[in-house]
Novice: 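First the structure, which I've put down as structure tokens, then a few questions once you've had a look.
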Amino acid sequence: MTLSPIAVIGAGMAGLSCAQTLAQAGLSVHLLDKSRGPSGRMSTRRAEDPQGAWQCDHGAPFFTATDLSFREEVMRWEQCGAAASWLVRIARHDGQRLVAMDTSTQRFVGTGRMTAPAALLVRELAALPGQPVHMHLQTTVQGMQAGEAGWTLQSAEHGRSAVGYRAVLVAIPAPQAHALLAASMPQAAQLASSARMDACWTVMLRSDHPVQWPCDGAIIEQGPLRWVARDSSKPGRTGPETWIVHASAQWSADHLEDDAASVTAQLLQAFADMGGPAPGSLRATAHRWRYANAAPGLGIDCWWDASHAVGMCGDWLHDGGVQGAWLSGRALARRALQTLAA
Ligand SMILES: Cc1cc2nc3c(=O)[nH]c(=O)nc-3n(C[C@H](O)[C@H](O)[C@H](O)COP(=O)(O)OP(=O)(O)OC[C@H]3O[C@@H](n4cnc5c(N)ncnc54)[C@H](O)[C@@H]3O)c2cc1C
């Protein structure tokens, strides 16, 4: 008898690591995401100005790998050419001046762009022998319903799924998980509503000339900014010099509904006040993340309900960040396998 597939909703790092673990155990997986490509918040904006093409990582700027198993996976990505260490000249700004920081922490990025590890995982999932993972992009799942043939999913683009799924694993940010699960799995939705996620306004900058600033990345301890970096200093980047500016969680929350032009003007002025370039000398594009970072994460790895065959994973269930997302996705797949592979 052919078993029905498992749905993993969300193709960020949590959903990808979940799908990877399930597929390696021989289970059939459908991976659904609302976006045009995988990778979620490990994202890169690629666009064209009248001056030419440019790109900038406007989600996670880098990630660390302190967990041994995640470190091994990152080393594998490095060997496949999908990730590399970013030997960033880093400093902190204490409100008065820049102070050089110890660079012993190893910071990783996707090679060429931040989406490279996700692209590698998708290629590997598609090439698995037997039951490759099927990707369904531009599929925004809005509801799910239990029936005799398993769970059916309702998406904005395709209506009700023709397939009945034997399990549904939700790998999306907490507020979106809450909205998706409120009607069908209120207990799960309640847990999702207990997680806090901070917003982040980001501004991507392009310059035709090298920007004079004494470091390539800086943690900002006071004022509206939290992080400023020369994105084009990461390994494998080509094209014009690009910079990224992140507002602090508090400033982003206070200005969440402001228009992009006013946010851009204020954040560029804050950068200039720290010795950065004059605001008018750069081309800028702002992006608002409503749910950027888990603050700090529920610390429970993942959530699984064997009786309904529904689970949740993501950075917000673990301890935040790319590493937390990867570990959470793998933890959920392992929990689900105990039931589904039995
Ligand atoms: C500005 C910013 C700065 C950051 N800084 C760092 C950092 O320095 N270090 C670090 O480690 N991490 C950082 N992060 C966090 C890091 O990016 C995340 O922790 C990690 O990428 C989360 O992965 P995830 O799979 O849990 O969620 P996501 O990456 O959000 O993936 C969820 C996926 O689900 C999809 N989705 C959502 N709703 C639906 C739906 N209804 N139907 C179908 N698909 C849906 C989305 O399109 C997305 O692809 C930062 C993030 C941002 C935005």
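Remember, it's 1-based here, ligands and their atoms both numbered in the order they're listed. These numbers come from the heavy atoms of this one structure, side chains and all, not from hydrogens, waters or symmetry mates. The residues of the chain are indexed from 1 along the displayed sequence.
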Novice: Going by atom types alone, do Ser85 and Gln106 pair a side-chain donor with an acceptor below 3.5 Å?
Specialist: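 The answer is yes; a qualifying pair exists.
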Novice: Dump the pairs for me: ligand 1 N or O, protein N or O, distance under 3.5 Å, to 0.1 Å.
Specialist:
residue, atom, partner, partner atom, Å
ligand 1, 9 (N), Phe62, O, 2.9
ligand 1, 11 (O), Val322, N, 2.9
ligand 1, 14 (N), Asn293, OD1, 3.2
ligand 1, 19 (O), Asp315, OD2, 2.7
ligand 1, 19 (O), Gly321, N, 3.4
ligand 1, 19 (O), Gly321, O, 3.2
ligand 1, 25 (O), Met13, N, 3.1
ligand 1, 25 (O), Ala14, N, 2.9
ligand 1, 26 (O), Asp315, N, 3.1
ligand 1, 27 (O), Arg41, NH2, 3.0
ligand 1, 29 (O), Arg41, N, 2.8
ligand 1, 30 (O), Arg41, NE, 2.7
ligand 1, 30 (O), Arg41, NH2, 3.2
ligand 1, 41 (N), Val141, O, 2.9
ligand 1, 42 (N), Val141, N, 3.0
ligand 1, 44 (N), Lys34, N, 3.1
ligand 1, 47 (O), Asp33, OD1, 2.7
ligand 1, 47 (O), Ser35, OG, 3.1
ligand 1, 49 (O), Asp33, OD1, 3.3
ligand 1, 49 (O), Asp33, OD2, 2.6

Novice: Does a donor on one side chain and an acceptor on the other come within less than 3.5 Å for Gln79 and Trp77?
Specialist: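 Per modelled atom types, Gln79 and Trp77 side chains form no pair under 3.5 Å.
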Novice: Report the C-alpha separation of Trp227 and Phe62 in whole Å, then their side-chain angles, then the decisive distance to 0.1 Å, and conclude whether the ring pair (Phe, Tyr, Trp, His ring centres under 6.0 Å) test is met.
Specialist: CA-CA 12 Å; Trp227 170 251; Phe62 64 82; 5.5 Å; yes
Novice: Please list every donor-acceptor pair under 3.5 Å in which a side-chain atom of residues 164-175 meets a protein atom from a residue at least two apart or in another chain.
Specialist:
residue, atom, partner, partner atom, Å
Tyr165, OH, His30, ND1, 3.0
Arg166, NH2, Leu340, O, 2.8

Novice: Who are the side-chain hydrogen bond (donor to acceptor under 3.5 Å, both in side chains) partners of Ser43, not counting sequence neighbours?
Specialist: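 For Ser43, no residue satisfies side-chain hydrogen bond (donor to acceptor under 3.5 Å, both in side chains) once neighbours in sequence are set aside.
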Novice: Does anything in residues 302-328 pair up under ring-ring contact (aromatic ring centres under 6.0 Å, His included), and if so which pairs, sequence neighbours excluded?
Specialist: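 Sorted result for residues 302-328: Phe70-Trp326.
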